Amino acid sequence: KVKTKKEIELIRSAGALAAETLVRAGEMCKPGVNTLEIDEFIAHFTNKHGGISADFGYYGYPRYACISINEVVCHGIPSKDTILKDGDIVNIDITTILNGYHGDCSAMFCVGNVSEQAKDLVKVTKECMEEGIRAAAMPKARFSDIGCAIQPYAEDHGYSVVRDYCGHGIGRGFHEEPNVLHYANREINNMIEIGNVFTIEPMINAGKPDIKQLSDGWTVVTSDGSLSAQWEHTMVKTKDGIDILTLPR
Ligand SMILES: CCc1ccsc1-c1ccc(O)c(O)c1
Ligand SMILES: [Mn+2]
Ligand SMILES: [Mn+2]
């Protein structure tokens, strides 16, 4: 729950490797590249630096990262048959385990020329994550303040917040208490304590919040076929606010 300074540095190292891997994976996002190639790079780069993928085998997940394109909300399985094309918006979500500690981050990448509407969703979704971080950084902030900040921001911009997935505590475990809701709530209103490490990872839809899972048992898409975006950081509460732990070194 509350991590020691040493544990926080171990998580920061895992987070830095996840972030460095994410930057390089993002540079691969060009028309004609398939998502299996990107995933294989992620696995190789992670292992080369002494880490392992937290995704592989997690609840039976078959690959090393999640790559979710356009109307795919999350858990897109990398495939040689999924070929990036001009105009795609792509979320790559990487969780790396290094020396027993997890770092979890994701970002959006635009392939070639992306429409103004899609670019706006990508931009506003990043701002939703940043609004959540800002709320969490306040003195005496509660976990519920995060969703209370994100939901109005998304809706003021004409978008909706997916309610079926949340952020989470993280450390030696991939998912630890508490759940971090991205919509307005009062149930998870415990104070964020100095040393709490958790993610904020809002999924924002251009249309309705509703989602559905495809028959592969993993891929989640918007019910109305609208675009979806997500950004994620791992962070720690400090005496001064929030310290982001998934930044490249
Ligand atoms: C493939 C990893 C996975 C499997 C079930 S939930 C999940 C997942 C994916 C990305 C995340 O950021 C996360 O916290 C969980
Ligand atoms: Mn993630
Ligand atoms: Mn996560």
Side-chain angles (χ1 to χ4, degrees), residues 3 11-12 14-26 35-36 38-40 42-43 45-46 51-69 72-79 82 90-98 101-109 125-126 128-129 132-133 136 143 146-147 150 161-183 188 196-204 211-214 216-221 228-236 242 244-248:
K3 271 71 177 177
I11 297 167
R12 196 191 306 274
L17 178 53
E20 284 155 14
T21 311
L22 184 59
V23 168
R24 286 164 173 76
T35 58
L36 189 67
I38 298 171
D39 193 58
E40 284 174 344
I42 290 167
F45 186 83
T46 300
I52 57 170
S53 159
D55 287 9
F56 188 75
Y58 188 70
Y59 289 100
Y61 187 73
R63 292 298 314 179
Y64 298 88
C66 297
I67 303 179
S68 305
I69 302 166
V72 178
V73 172
C74 62
H75 306 170
I77 304 174
S79 163
T82 304
V90 184
N91 178 276
I92 301 176
D93 194 331
I94 295 175
T95 308
T96 302
I97 308 171
L98 191 65
Y101 287 84
H102 292 70
D104 184 359
C105 54
S106 88
M108 296 299 293
F109 302 98
T125 303
K126 188 173 186 182
C128 283
M129 177 187 66
I133 294 170
F143 281 104
I146 295 167
I150 290 173
V161 181
V162 172
R163 303 174 69 89
D164 312 73
Y165 299 91
C166 57
H168 48 92
I170 188 168
R172 294 194 70 83
F174 190 168
H175 295 97
E176 301 177 352
E177 284 185 356
N179 283 344
V180 179
L181 303 184
H182 299 121
Y183 52 85
I188 307 184
N196 280 165
V197 178
F198 56 97
T199 70
I200 296 178
E201 48 179 298
M203 297 167 193
I204 306 296
I211 59 163
K212 63 178 189 260
Q213 190 176 76
L214 300 187
D216 64 10
W218 285 107
T219 311
V220 177
V221 298
S228 186
Q230 182 180 25
W231 292 79
E232 178 179 24
H233 267 313
T234 297
M235 63 202 77
V236 62
I242 288 286
I244 307 283
L245 301 177
T246 36
L247 297 174

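Computed from heavy atoms alone, side chains included, the values below leave out hydrogens, waters and symmetry copies. All ligand and atom numbering here is 1-based and tracks the order in the structure. Treat the numbers as computed from the prediction; the structure is a model and nothing was measured.
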Undergrad: Atom CD1 in I92, atom CZ in F109: separation rounded to 0.5 Å?
TA: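 I92 atom CD1 to F109 atom CZ measures 5.0 Å (nearest 0.5 Å).
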Undergrad: Which of the numbered atoms in ligand 1 are under 4.0 angstrom from any heavy atom belonging to W218?
TA: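 Within the 4.0 Å cut-off of W218, ligand 1 contributes 4 (C), 5 (C).
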Undergrad: For Y58 and P62, indicate whether the former's side chain and the latter's backbone hold a donor-acceptor pair under 3.5 Å.
TA: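 It does not hold such a pair.
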Undergrad: Should the pair E232-K126 be classified as a salt bridge under the 4.0 Å nitrogen-to-oxygen rule?
TA: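 Result for this pair is no, no salt bridge flagged.
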Undergrad: Quick one: which ligand 1 atoms are inside 4.0 Å of a heavy atom on E232?
TA: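 Once the distances to E232 are compared, the set is 12 (O).
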Undergrad: Which is closest to atom 6 (S) of ligand 1 by heavy-atom distance: Q230, H75, R63, H102?
TA: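 Ranked by closest heavy atom to atom 6 (S) of ligand 1, first place is H75.
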Undergrad: Looking at E201, which of its N, O or S atoms is the nearest one to the Mn ion (ligand 3)?
TA: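 Looking only at N, O and S atoms of E201, the one nearest the Mn ion (ligand 3) is named OE2.
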Undergrad: Near Y58, which atoms of ligand 1 are under 4.0 Å from a heavy atom of that residue?
TA: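 That gives atoms 3 (C), 4 (C), 5 (C) of ligand 1.
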Undergrad: So is there a nitrogen or oxygen of E201 less than 3.5 Å from a nitrogen or oxygen in ligand 1?
TA: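 Indeed, backbone or side chain, E201 has an N or O that close.
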Undergrad: Report, in ascending order of atom number, the atoms of ligand 1 lying under 4.0 Å from any heavy atom of F174.
TA: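 Answer for ligand 1: 13 (C), 14 (O), 15 (C).
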Undergrad: Check whether T95 reaches the backbone of D55 with its side chain - one donor and one acceptor, N or O, closer than 3.5 Å.
TA: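 Pair absent, no side-chain N/O of T95 close to backbone of D55.
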Undergrad: Keeping the roles fixed (side chain from T82, backbone from P78), state whether a donor-acceptor pair exists under 3.5 Å.
TA: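 Between the backbone of P78 and the side chain of T82 there is no qualifying donor-acceptor contact (under 3.5 Å).
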Undergrad: Check for a donor-acceptor pair, side chain of Q230 on one end and backbone N or O of E201 on the other, with a separation under 3.5 Å.
TA: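 A pair under 3.5 Å: yes.
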Undergrad: Among the N/O/S atoms of D104, which is closest to the Mn ion (ligand 2)? Give the atom name.
TA: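 So the atom name we want here is OD1.
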Undergrad: H175 heavy atoms, cut-off 4.0 Å: which ligand 1 atoms fall inside?
TA: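 Close to H175: 13 (C), 14 (O), 15 (C).
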Undergrad: Output yes when a side-chain donor or acceptor of H102 lies under 3.5 Å from a complementary backbone atom of G171, and no otherwise.
TA: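 Checked: pair present.
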Undergrad: At a threshold of 2.8 Å, where the distance has to be below it, does the Mn ion (ligand 3) have an N, O or S atom of H175 nearby?
TA: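 No, since none of the N, O or S atoms of H175 sits under 2.8 Å from the Mn ion (ligand 3).
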Undergrad: Ligand 1 versus T199, non-hydrogen atoms closer than 4.0 Å: side chain, backbone, both, neither?
TA: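 It is neither; nothing of T199 touches ligand 1.
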Undergrad: In E232, what N, O or S atom is nearest to the Mn ion (ligand 2), if we give its atom name?
TA: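 Looking only at N, O and S atoms of E232, the one nearest the Mn ion (ligand 2) is named OE1.
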Undergrad: Examine the proximity of ligand 1 to C74 and report which part, side chain or backbone, both or neither, has a heavy atom under 4.0 Å away.
TA: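 Looking at C74 and ligand 1, no heavy atom falls under 4.0 Å.
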Undergrad: Please check whether D93 reaches ligand 1 - meaning an N/O of the residue sits under 3.5 Å from an N/O of the ligand, judged on distance alone.
TA: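 Between D93 and ligand 1, an N or O pair is found under 3.5 Å apart.
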Undergrad: Short list, please: which atoms of ligand 1 are under 4.0 Å from a heavy atom of C66?
TA: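 Under 4.0 Å from C66, ligand 1 has these atoms: 1 (C).
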Undergrad: Let me see the working for T199 and D104 under side-chain hydrogen bond (donor to acceptor under 3.5 Å, both in side chains), right down to the final yes or no.
TA: CA-CA 7 Å; T199 70; D104 184 359; 5.0 Å; no
Undergrad: Quick one: CD1 on I52 to CG on L98, what's the gap to the nearest 0.5 Å?
TA: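 Rounded to the nearest 0.5 Å, the CD1-CG separation comes to 9.5 Å.
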Undergrad: Considering the heavy atoms of H168, write down every atom of ligand 1 situated less than 4.0 Å from one of them.
TA: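 Those qualifying, in numeric order: 14 (O).
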Undergrad: side-chain hydrogen bond (donor to acceptor under 3.5 Å, both in side chains), that's the test. Do H75 and T219 meet it? Break it down for me.
TA: CA-CA 5 Å; H75 306 170; T219 311; over 6 Å; no
Undergrad: Less than 6.0 angstrom from the centroid, inside 45 degrees of the normal: does R172 satisfy that with respect to the ring of Y101?
TA: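 That pair qualifies as a cation-pi contact.
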Undergrad: Could you tell me whether T95 and ligand 1 have an N or O pair separated by under 3.5 Å?
TA: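 By distance alone, the answer is no.
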Undergrad: Only N/O/S atoms count here: what is the atom of D93 closest to the Mn ion (ligand 2) called?
TA: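 Relative to the Mn ion (ligand 2), the closest nitrogen, oxygen or sulfur of D93 carries the name OD1.
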